[in-house]
Amino acid sequence: MFSSLTVPPEVQETVPQSSFPWVWVGFLIAIAFFLVEVLWVVLGLDEPVVNFVLTLISIAGWIYWLVCVHRIHKILEELSNGSYPNTPGEAVGKHIIPFYNLYWVFKWPADMSNYINERGRVKMISGYVIGALLLFALLVRLVDGAVGLTWLFATTVFIVHKLKQHVNSLKEVDPSRLPPLPDPAMFQPHEPTITPPGSPQ
């Protein structure tokens with residue numbers, strides 16, 4: 001059903017310069033959603049106002065999650081020296097295409113999982129399982145925003161964790177981080193220098 005376009009394993013990787021997304025910000029957004037729900041029940045706030053605030057928080061959570069997706073793909077792009085099949089803009093943009101986004105939420109995790117697993121330094125679960133978790137979170141978000149956002153960013157924490165493990169494993173073998181090779185001239189034999197008698201030393 002799905003096909004993944006991956007970068008050939010022989011492509012040289014480079015330690016990315018971009019920093020990893022702050023996924024914990026997403027949990028703060030989920031907490032804010034939950035607190036507004038609690039205040040609504042406890043204080044009996046006006047329902048239209050509460051719904052408006054909850055909608056704004058939900059949109060903020062969705063936008064920030066797309067920011068995280070963009071940053072993940074920015075790192076993958078730098079890691080693969082531009083050879084990764086999905087650009088950061090593409091990764092974000094395809095999430096807002098109706099119906100296609102249902103496919104895309106499985107496609108990009110599968111591409112990433114295959115990319116990492118093919119290099120063999122870090123083991124990652126199937127991207128289709130990750131896609132199912134993301135889709136579940138997005139659907140639950142329509143019923144309870146706090147639970148949906150928490151599930152969404154919890155899944156993203158796992159994705160970022162695996163990507164970070166892969167980058168860290170690359171740092172351990174990055175040739176640019178190794179000491180320079182010794183000068184070959186130091187291993188060549190030197191002919192002894194004979195000083196004539198009586199000459200100054």
Hydrophobic clusters here meaning ILVMFWY residues chained together by side-chain heavy-atom distances under 4.5 Å, can you tell me if [X] and [Y] are in one?
{"X": "W22", "Y": "V69", "answer": "yes"}
{"X": "F34", "Y": "I59", "answer": "no"}
{"X": "W24", "Y": "L66", "answer": "yes"}
{"X": "I63", "Y": "L54", "answer": "no"}
{"X": "V25", "Y": "L56", "answer": "no"}

Polar side-chain atom of [X] near backbone of [Y] as donor-acceptor pair, under 3.5 Å:
{"X": "R141", "Y": "V147", "value": "no"}
{"X": "S113", "Y": "P109", "value": "no"}
{"X": "K162", "Y": "K123", "value": "yes"}

Taking atom [atom1] of [X] and atom [atom2] of [Y], what is their separation to the nearest 0.5 Å?
{"X": "L163", "Y": "N168", "atom1": "CG", "atom2": "CG", "value": "9.5 Å"}
{"X": "H166", "Y": "L170", "atom1": "NE2", "atom2": "CG", "value": "6.0 Å"}
{"X": "I116", "Y": "M124", "atom1": "CD1", "atom2": "CE", "value": "5.0 Å"}
{"X": "I72", "Y": "I159", "atom1": "CD1", "atom2": "CD1", "value": "5.5 Å"}
{"X": "T14", "Y": "E78", "atom1": "OG1", "atom2": "CD", "value": "9.5 Å"}
{"X": "L138", "Y": "L133", "atom1": "CG", "atom2": "CG", "value": "11.0 Å"}

Where [X] and [Y] come nearest, the two heavy atoms and their spacing:
{"X": "K74", "Y": "S18", "value": "CG-OG, 3.4 Å"}
{"X": "P16", "Y": "L79", "value": "CD-CD1, 3.9 Å"}
{"X": "S58", "Y": "F33", "value": "CB-CE1, 4.1 Å"}
{"X": "D111", "Y": "Y84", "value": "C-OH, 3.3 Å"}
{"X": "A137", "Y": "W151", "value": "CB-CD1, 3.2 Å"}
{"X": "L149", "Y": "G61", "value": "CD2-CA, 4.0 Å"}

Next item on the list: Apply the test side-chain contact (heavy atoms from CB on, under 4.5 Å) to residues E47 and W40: give CA-CA distance (whole Å), side-chain angles for both, the deciding distance (0.1 Å), then the verdict.
Entry: CA-CA 8 Å; E47 184 173 349; W40 180 16; 3.5 Å; yes
Does [X], at its [atom1] atom, have more than 12 non-hydrogen atoms belonging to other residues, nucleotides or ligands within less than 6.0 Å?
{"X": "F27", "atom1": "CZ", "value": "yes"}
{"X": "W62", "atom1": "CH2", "value": "yes"}
{"X": "F52", "atom1": "CZ", "value": "no"}

Margin query: Side chains of R119 and S169 only: does a donor on one sit below 3.5 Å from an acceptor on the other?
Written below: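 S169 and R119 do not have a side-chain donor-acceptor pair below 3.5 Å.
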Check: Strictly by modelled atom types, are W65 and H95 linked by a side-chain donor-acceptor pair under 3.5 Å?
Finding: no
Item checked: N-O pairing of E13 and R121 below 4.0 Å ->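 Yes.
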Item checked: Close side-chain approach of N101 to K94, heavy-atom, < 4.5 Å -> no
Notebook entry, point to check: Is any side-chain heavy atom of W104 less than 4.5 Å from a side-chain heavy atom of N86?
Noted result: yes
Note to self: The test is side-chain contact (heavy atoms from CB on, under 4.5 Å); show your working for F153 and Y64 and say whether it passes.
What the structure shows: CA-CA 10 Å; F153 285 103; Y64 189 73; 3.8 Å; yes
Next item on the list: Test side-chain contact (heavy atoms from CB on, under 4.5 Å) on V50 and V36 and set out the steps.
Entry: CA-CA 7 Å; V50 171; V36 172; 4.0 Å; yes
Next item on the list: Check the pair I130 / F106 against side-chain contact (heavy atoms from CB on, under 4.5 Å), numbers first and verdict last.
Entry: CA-CA 7 Å; I130 298 173; F106 287 92; over 6 Å; no
